[in-house]
Amino acid sequence: MPLISILIPVYNEEDNLPLFYERLRDFAGTSEDSYEFIFVDDGSEDRSFQILKDLATRDSRIRVVRLSRNFGSHAACLAGLISSSGEACVSMPADLQDPLELIQRMTAEWKNGYEIVFGVKETGKRGPRLFQRIYYGMVRKLALRNMPRTGVDLFFLDRRVVDVIISIREKNTSILGLILWSGFSQATVAYKKEPRLRGVSKWTTAKKMKLFIDTFVSFSYFPVRSISVVGMIVSLLGFLYAIYIIVNRLLFAFPIEGWASLMVILLVVSGIQMMMLGILGEYLWRNFDESRKRPSFIIKETVGMKETE
Ligand code: UDP
Ligand code: MG
């Protein structure tokens with residue numbers, strides 16, 4: 001059996017970790033060389049790191065990577081991928097929402113020859129919810145064509161994919177986007193996600209917004225292309241309106257319309273311009289951020305890592 005690295009991003013999960021580890025141990029059995037568990041402590045402010053350190057003294061398969069502060073679960077996953085040595089890596093949140101048995105089903109698909117296996121939430125009979133349908137429909141149409149229609153909760157990657165992802169070193173991106181973009185063959189496995197029993201979801205609206213913008217700006221030229229299209233449409237409308245006014249004035253001696261129409265045009269057009277500047281700013285800022293070459297995360301300490309690096 002080849003070694004599989006299980007990557008577990010952890011951010012303030014002290015209430016979940018003991019039970020999570022118990023389940024992980026039951027799942028993985030006692031075999032020393034089928035699994036390694038890479039916990040990435042994403043700057044937790046609670047006792048998570050302490051708990052992980054204790055667990056690591058009891059189980060030699062546990063490796064802990066501690067980041068210097070909270071960098072977000074994508075950076076944490078990347079840190080996990082970089083620290084992994086398995087033939088394949090699978091991501092697994094520590095909040096007990098996702099059944100570990102899924103790893104077996106994903107491994108089976110991997111052995112069938114798929115380099116990427118996604119764990120996706122079952123949607124039930126009615127299919128994905130409206131918002132989800134619109135969001136992932138947009139992503140599929142404008143950015144990443146091979147995005148599963150229900151989104152992705154977990155990923156299982158062959159070593160070849162892992163090596164590609166960690167060599168990219170792109171910032172302000174989505175790790176899922178990079179995986180999809182890499183274009184290796186992909187399969188999906190549907191499963192039932194349990195509700196979170198302890199702690200709170202760390203997905204704030206601000207983080208969701210950031211991911212949304214990152215996805216479209218990093219993997220699609222739609223935003224910057226739409227600027228030109230909107231600009232063209234607005235100037236065309238302006239041009240038509242000018243002809244309308246001139247014709248009215250010359251043929252029908254209409255009085256030239258005043259304040260209201262001017263004001264509306266001024267507000268609409270300056271609003272559009274502001275939005276365009278914002279979109280351009282997104283690209284400019286990314287360029288700036290990329291050129292500063294700051295790392296996506298900083299490792300503060302590690303526990304139980306092999307001495308290879
Ligand atoms: N997580 C993390 N850093 C963050 C946010 C979340 O490492 O900034 C971890 C979190 O501890 C959990 C996993 O990522 O193990 C999934 O997070 P969460 O349960 O909040 O996401 P959801 O299940 O709501 O998608
Ligand atoms: Mg969760």
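Computed from a prediction, not measured in an experiment: that's the story for all the values here.
- Within 6.0 Å of NZ on Lys207 lie more than 12 heavy atoms contributed by other residues, nucleotides or ligands.
- The nearest pair of heavy atoms linking Val303 to Lys53 is CG2-CG, 3.9 Å.
- A donor-acceptor pair under 3.5 Å links the side-chain atoms of Gln132 to the main chain of Thr150, judged by distance alone.
- A salt bridge does not link Glu290 to Lys171: none of the charged nitrogens lies less than 4.0 Å from a carboxylate oxygen.
- At most 12 heavy atoms of other shown residues, nucleotides or ligands fall within 6.0 angstrom of atom CZ in Arg294.
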Worksheet entry | Full working for side chain to side chain contact (heavy atoms under 4.5 Å, CB included) between Tyr35 and Ile103 | CA-CA 11 Å; Tyr35 293 105; Ile103 296 178; 4.3 Å; yes

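- Salt bridge annotation for Arg198-Asp95: absent, with no cationic side-chain nitrogen under 4.0 angstrom from a carboxylate oxygen.
- With values rounded to the nearest 0.5 angstrom, Leu266 atom CG is found 11.0 Å from Ser261 atom OG.
- A donor-acceptor contact shorter than 3.5 Å is absent between the side chain of Asn12 and the backbone of Ser44.
- In this structure, Ile299 and Leu67 have side chains that are in contact, with non-hydrogen atoms separated by less than 4.5 Å.
- For Arg196, the CZ atom sits in a packed shell: over 12 heavy atoms of surrounding residues, nucleotides or ligands are nearer than 6.0 Å.
- Between Val164 and Ser167, the shortest heavy-atom contact is O-OG, 2.7 Å.
- We find the CD1-OG distance between Ile6 and Ser34 to be 9.5 Å, quoted to the nearest 0.5 Å.
- Connection of Leu19 to Leu17 is established within a shared hydrophobic cluster, with ILVMFWY side chains joined at heavy-atom distances below 4.5 Å, either directly or through further cluster members.
- Ion pair Arg25/Asp59 not flagged as a salt bridge, since none of the NZ, NE, NH1 or NH2 atoms sits closer than 4.0 Å to an Asp/Glu carboxylate oxygen.
- Side-chain atoms of Phe131 and Arg133, non-hydrogen and from C-beta on, never get closer than 4.5 Å to each other.
- One finds the CG atom of Asp158 at 9.0 Å from the CG atom of Asp163 (value rounded to the nearest 0.5 Å).
- Using a 4.5 Å cut-off on side-chain heavy atoms (C-beta onward), Ile8 and Leu24 make contact.
- Checking side-chain atoms of Asn70 against main-chain N and O of Gly43 turns up no donor-acceptor pair under 3.5 Å.
- Remark: Asp54 does not engage Arg58 in a salt bridge, criterion side-chain N to carboxylate O under 4.0 Å.
- Listed here is the closest heavy atom pair of Ile175 and His74: N-ND1, 3.0 Å.
- Of the candidates Trp110, Phe118, Phe184, Phe156 forms a ring-ring contact (aromatic ring centres under 6.0 Å, His included) with just one, namely Trp110.
- Below 30°, between 30° and 60°, or above 60°: for Tyr21 and Phe37 the angle between ring planes is above 60°, a perpendicular geometry.
- Closest heavy-atom contact between Asp98 and Pro93: OD1-CG, 3.4 Å.
- Geometric assessment of Arg47 against the ring of Phe49 yields a negative cation-pi assignment under the 6.0 Å and 45° thresholds.
- In the hydrophobic clustering of ILVMFWY residues, with side-chain heavy atoms under 4.5 Å counting as a link, Ile246 and Tyr241 come out apart.
- Taking the ring centre of Tyr136 as origin, the terminal cationic atom of Arg140 falls outside the region bounded by 6.0 Å and 45° from the ring axis.
- One distance of note links CD1 of Ile82 with CG of Leu7; it measures 11.0 Å at 0.5 Å rounding.
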Practice prompt. Decide yes or no on side chain to side chain contact (heavy atoms under 4.5 Å, CB included) for Ile116 and Ser182, but give the supporting numbers first.
Written response: CA-CA 10 Å; Ile116 301 170; Ser182 74; 4.0 Å; yes

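- The shortest distance between side-chain heavy atoms of Leu154 and Leu102 falls below 4.5 Å.
- Ring-plane geometry between Phe20 and Phe39 is classed as perpendicular, the angle between the planes exceeding 60 degrees on a 0 to 90 degree scale with a lower cut at 30.
- The closest side-chain heavy-atom distance from Leu240 to Tyr244 is not below 4.5 Å.
- Separating the CG atom in Leu144 from the CG atom in Leu180 is a distance of 5.5 Å, to the nearest 0.5 Å.
- A donor-acceptor contact shorter than 3.5 Å is absent between the side chain of Glu87 and the backbone of Leu3.
- Taking all atoms of both residues into account, the shortest heavy-atom contact from Val117 to Tyr114 is CG2-CB, 4.4 Å.
- Every residue two or more places apart in sequence or in another chain was checked for a side chain to side chain donor-acceptor pair (under 3.5 Å) with Ser235, and none qualifies.
- In the hydrophobic clustering of this structure, Ile265 groups with Ile245; members are Ile, Leu, Val, Met, Phe, Trp, Tyr whose side-chain heavy atoms approach within less than 4.5 Å, directly or through other members.
- In summary, the side chains of Ser84 and Arg63 do not present any donor paired with an acceptor at a separation below 3.5 Å, with no hydrogens or angles considered.
- Gln97 contributes a side-chain N or O that, together with a main-chain N or O of Glu194, makes up a donor-acceptor pair within less than 3.5 Å.
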Item to complete: Start with the C-alpha distance between Tyr191 and Glu101, add both sets of side-chain angles, then the distance that settles side chain to side chain contact (heavy atoms under 4.5 Å, CB included), and finish with yes or no.
Response: CA-CA 10 Å; Tyr191 71 102; Glu101 290 62 43; over 6 Å; no

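- The local environment of CZ in Arg169 is sparse, with at most 12 non-hydrogen atoms from other residues, nucleotides or ligands closer than 6.0 Å.
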In residues 212-224, what donor-acceptor pairs under 3.5 Å come from side-chain atoms, sequence neighbours left out?
{"from": "Asp214", "atom 1": "OD1", "to": "Lys210", "atom 2": "NZ", "distance (Å)": "3.1"}
{"from": "Asp214", "atom 1": "OD1", "to": "Arg286", "atom 2": "NH1", "distance (Å)": "2.9"}
{"from": "Asp214", "atom 1": "OD1", "to": "Arg286", "atom 2": "NH2", "distance (Å)": "3.0"}
{"from": "Asp214", "atom 1": "OD2", "to": "Lys210", "atom 2": "NZ", "distance (Å)": "2.7"}
{"from": "Thr215", "atom 1": "OG1", "to": "Leu211", "atom 2": "O", "distance (Å)": "2.7"}
{"from": "Ser218", "atom 1": "OG", "to": "Asn172", "atom 2": "O", "distance (Å)": "3.3"}
{"from": "Ser218", "atom 1": "OG", "to": "Asp214", "atom 2": "O", "distance (Å)": "2.7"}
{"from": "Ser220", "atom 1": "OG", "to": "Leu142", "atom 2": "O", "distance (Å)": "2.9"}
{"from": "Ser220", "atom 1": "OG", "to": "Phe222", "atom 2": "N", "distance (Å)": "2.8"}

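- Residue Arg159 places its CZ atom among more than 12 non-hydrogen atoms of other residues, nucleotides or ligands, all under 6.0 Å distant.
- Grouping the Ile, Leu, Val, Met, Phe, Trp and Tyr side chains by contacts below 4.5 angstrom, directly or via other members, places Tyr11 apart from Val40.
- Val269 is connected to Val264 through a chain of hydrophobic side-chain contacts under 4.5 Å among Ile, Leu, Val, Met, Phe, Trp and Tyr, so both are in one cluster.
- In this structure, Glu36 contributes its side chain and Ser85 its backbone to a donor-acceptor pair below 3.5 Å.
- Going from atom OG of Ser228 over to atom CE of Met276 covers 8.0 Å, rounded to the nearest 0.5 Å.
- Nearest heavy-atom pair across Ser296 and Glu170 is OG-O, 4.4 Å.
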Fill in: Check against side chain to side chain contact (heavy atoms under 4.5 Å, CB included), Leu284 and Phe288
CA-CA 6 Å; Leu284 206 63; Phe288 176 50; over 6 Å; no

